Protein chains: 2
Amino acid sequence: MAAESTGDGRGKRRRATARRPTISDVAQRAGVSKVAVSYALNGQPGVSDATRRRILAIAEEIGFSPSRAARVLSGAAAAGAIGLVLSRPARTLGIEPFFMELISGVEATLSARSYGLTLQMTTGPADEAVVYRRWWGERRVDGVLICDLRVDDPRIAEIEKLSLPAVVIGGPGQTGNLASIWSDDAAAVVETVEYLYALGHRVIARVGGVPEFLHTRIRADAFAQVCARLGIAEATSVDSDYSGEEGARITRRLLSSRNRPTAIIYDNDVMAVAGLGVAQEMGLRVPADLSLVAWDDSVLCRLVHPALTALQRDIPAHGARAASMLLDIIDGHPPSAVQDATARLAPRSSTARAPW
Amino acid sequence: MAAESTGDGRGKRRRATARRPTISDVAQRAGVSKVAVSYALNGQPGVSDATRRRILAIAEEIGFSPSRAARVLSGAAAAGAIGLVLSRPARTLGIEPFFMELISGVEATLSARSYGLTLQMTTGPADEAVVYRRWWGERRVDGVLICDLRVDDPRIAEIEKLSLPAVVIGGPGQTGNLASIWSDDAAAVVETVEYLYALGHRVIARVGGVPEFLHTRIRADAFAQVCARLGIAEATSVDSDYSGEEGARITRRLLSSRNRPTAIIYDNDVMAVAGLGVAQEMGLRVPADLSLVAWDDSVLCRLVHPALTALQRDIPAHGARAASMLLDIIDGHPPSAVQDATARLAPRSSTARAPW
DNA sequence: TACCCCAGCTTATCCGGTTCAGCAACCGTC
DNA sequence: GACGGTTGCTGAACCGGATAAGCTGGGGTA
């Protein structure tokens, strides 16, 4: 391993990438100290207007932008990024429009304020805690967004212990002292069931999501309650994993049962579309024989025939608001629990009067 | 603005978040110098096994992880993140499963090597260059992935100028000296058209994507050529913006034309599904009257009825490979142009023999 | 015993910024 | 013309790590 330093012309080993200009380069060119450059760039007093302009021109010319690492280290700046951990199997994320829409909303807020978004996918909530700790220790993010809130979620305590700024997207309740943004899923369920009831449906089923998630529980409870109140005896609620396959399987089972439902409410759009396929394959007409309602209204619902009645939420706006809250908290505002708009029922062609 | 420092009990203003342990804290607790801690944590020689174990135990106990900023600054580490800029309208990203699948694949590679992914959305390629420059100057990312390669893409020159490690997802050609990963879209087009020709189709239309994108051009050229070769005179190619609305509009126009096509190839799945809806709405039976082929096979294609014949690619794997290449380049490997698997035609129920 | 070597540490320096405490030069003022 | 105040700048210290070089004590060796 004769590490002779040839060719390069410098003693020190360089990275392959070109040398990036530093504050000293600017200072040298301008014939001032780096302190003057720092003041000039940050709009601080301490340099004359003429010097300031000269420095700014030079910085622009040589394409200087201050090293984030150095600014972070000196305590002047934060990481300039927020973190988002997704712990769903990587392959299934692609099919859930929800996350991409959420992310695009989050990004809309962040890019407006020159913040970055750091993503990480993990296999489960246990790994997530590790990621949070690492991020926090490395000062890699200034705060985190927490999705898929679980019942008795261990992440809440972990984040609180680190006193890492955070916003929980979910709730209400179970968010500890962390800020949160939530929408009233229970009310949306009630509205949907009452609507189906008004259409004459008396056997209504619900295909829920992952039972560990808090919002699944909230929706399931609301469904059971409103059905009890309306006197709907046949109110089946089945859990799933949100996948199209599961949605199809459960729908097939529901439609094959003795007292088959005349209306089904799905916890996401992928399962609803899969359910529609099963209904058609089994020779049932939608909506004449069977009404379907999807939760979360992506293109999917509008593209299929008949178009699916869906619970509509502005997910990008939801994400944007969550990001905005997080930036406020990073700026020192106290955490709060904000209620966002309730999903509203968008009736389309997949719901109609009950067949009997 | 009486900035009295009360309550905190410290002279210096603190961030709201708890104090993060530093290497000095570990050193002090262990009764050694920071250097010993550094050696111990990095597996370097210079400390005895007993001391090393003690240091590691203490580090673990107080939850220490080294400040990324400090490591970057001292030149020992890179940013530990790669960047991905998406310049499509934020709202439309949610509906394209492609990106989320790509991202999940990228993440699979990155999380395995403890790399982060920094996302940024911009409004156009001009802004993208600004982002690259800033990232590079701030040393925020170690490399970037470039999507949606355009014809004469200005980003290529910009990145080369910065000598920022990069992998272009797209091509072949027009990628300068940058590494790239591409698949042979031309071959996939040829296979599809030949398949449709074999089924007896003689009037075939194609609904393309954004004409500025290189792959749109490649596909359009291949389509024109293979149609010419097979003697298909009626070979319409229409550009679009990938949206379902456009897909529906164009399909409606194609199906209303005098010499209407018996087969349509779409450049993405969203448009294909929208096209299917239009066909059904116009009373055409798929596949008896009209055959449809989608490019990129997401759940969408499988969930609709009839299920759509699609050009299948393993997008997560594509993303994972791209990320892997980028990490290699960051490690100093020379850039290369890699050909990934060609999309293969997955025949389903939306294609059949031509009606006449 | 004198010598050398090496394991096992420490001290000093550097990375690229920010910030605080000086410190000249210039101004007007009494 | 000595004084105080402002303006415009600089030197030095610091952030939290990595790293090169120096130091020390104990063991082996001649």
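In this text the structure is predicted, and so the values were computed from the model without any measurement. Chain A is the first sequence line, chain B the second, and so forth, proteins listed ahead of strands; every chain is numbered from 1. Worth knowing before you read on, the calculation uses all heavy atoms, side chains too, and leaves out hydrogens, waters and symmetry mates.
For B/V35, whose side chain is taken as the heavy atoms from C-beta onward, the closest listed nucleotide among C/dG16, D/dG16, C/dA12 is C/dA12. Here the nucleotide nearest the side chain of A/S74, chosen from D/dG16, C/dT19, C/dG16, is C/dG16. With D/dG8, D/dT10, D/dT19 as the choices, the nucleotide that has an atom nearest any side-chain atom of B/Q44 turns out to be D/dT19. Closest to the A/N42 side chain, of the nucleotides D/dC15, C/dT18, C/dT10, is C/dT18. Here C/dG16 is the nucleotide among C/dT18, C/dG16, D/dC9 with the atom lying nearest to any side-chain atom of A/T22. Closest to the side chain of A/T51, from the set D/dG16, D/dT10, D/dC9, is D/dC9.
To the nearest 0.5 Å, the span separating CD1 on B/I103 from CD1 on B/I315 amounts to 12.0 Å. Taking OG1 of B/T175 as the reference point, atom CD1 of B/I181 lies at 12.0 Å (rounded to 0.5 Å).
Between B/K34 atom NZ and D/dA18 atom P the separation is 10 Å, expressed in whole Å. The CD atom of A/Q28 sits 18 Å away from the P atom of D/dC9 (whole-angstrom rounding). At whole-Å resolution of the value, CD in B/E138 and C1' in C/dG17 are 13 Å apart. Summarising the geometry, the separation between CD1 on A/I23 and P on D/dC14 is reported as 19 Å, rounded to the nearest angstrom. Atom CZ of B/R53 is separated from atom C1' of C/dG8 by 15 Å (rounded to the nearest Å). Between the CG atom of A/L73 and the P atom of C/dT13 there is a distance of 19 Å, given to the nearest Å. Nucleotide D/dG16 holds its C1' atom 14 Å from the CZ atom of B/R68, rounded to whole Å. Following rounding to the nearest Å, A/D49 (CG) and D/dG8 (P) show an atom-to-atom distance of 8 Å.
A/V26 is not listed as a side-chain neighbour of A/L41, based on a closest heavy-atom distance of 4.5 Å or more. Put simply, the side chain of B/I55 does not reach to within 4.5 Å of the side chain of B/F64, judged on heavy atoms. Side chains of A/W135 and A/L164 form no contact here, defined as non-hydrogen atoms less than 4.5 Å apart.
At C/dG17, none of the side-chain N or O atoms of A/S38 fall inside 4.0 Å of OP1 or OP2 (strictly under the cut-off). The phosphate of D/dA18 has OP1 or OP2 within less than 4.0 Å of a side-chain N or O from B/R71. Taking 4.0 angstrom as the limit, A/S33 places a side-chain polar atom (N or O) nearer than this to OP1 or OP2 of D/dT10. Here A/S67 does not reach the OP1 or OP2 of C/dC15: none of its side-chain N or O atoms lies under 4.0 Å away.
In this structure, A/G75 reaches neither bases nor backbone, as no heavy-atom distance under 4.0 Å exists between it and the strands shown. The residue B/V32 sits close only to the backbone: its heavy atoms come under 4.0 Å of sugar-phosphate atoms, none of a base. Across all strands, B/V47 comes closer than 4.0 Å only to sugar-phosphate atoms, never to a base (heavy-atom distances).
Projected onto DNA chain D by closest heavy-atom contact, B/S65 and B/Y39 fall at different nucleotides, the more 5' of which corresponds to B/S65. Mapping B/R54 and B/R139 onto DNA chain C via the closest heavy atom, the residue that lands nearer the 5' end is B/R54.
Here the closest non-hydrogen pair linking A/I330 and A/G143 is CD1-N, 4.0 Å.
When atom types are taken as modelled, the side chain of B/R113 and the backbone of B/S111 share no donor-acceptor pair closer than 3.5 angstrom.
With B/E128 as the fixed residue, the salt bridge (Lys or Arg N to Asp or Glu O under 4.0 Å) test singles out one of B/R155, B/R150, B/R133: B/R155.
One end of the helix from C/dT1-D/dA30 to C/dC30-D/dG1 points its axis 60° away from the other end's axis, with each axis taken from 5 pairs and the angle rounded to 10°.
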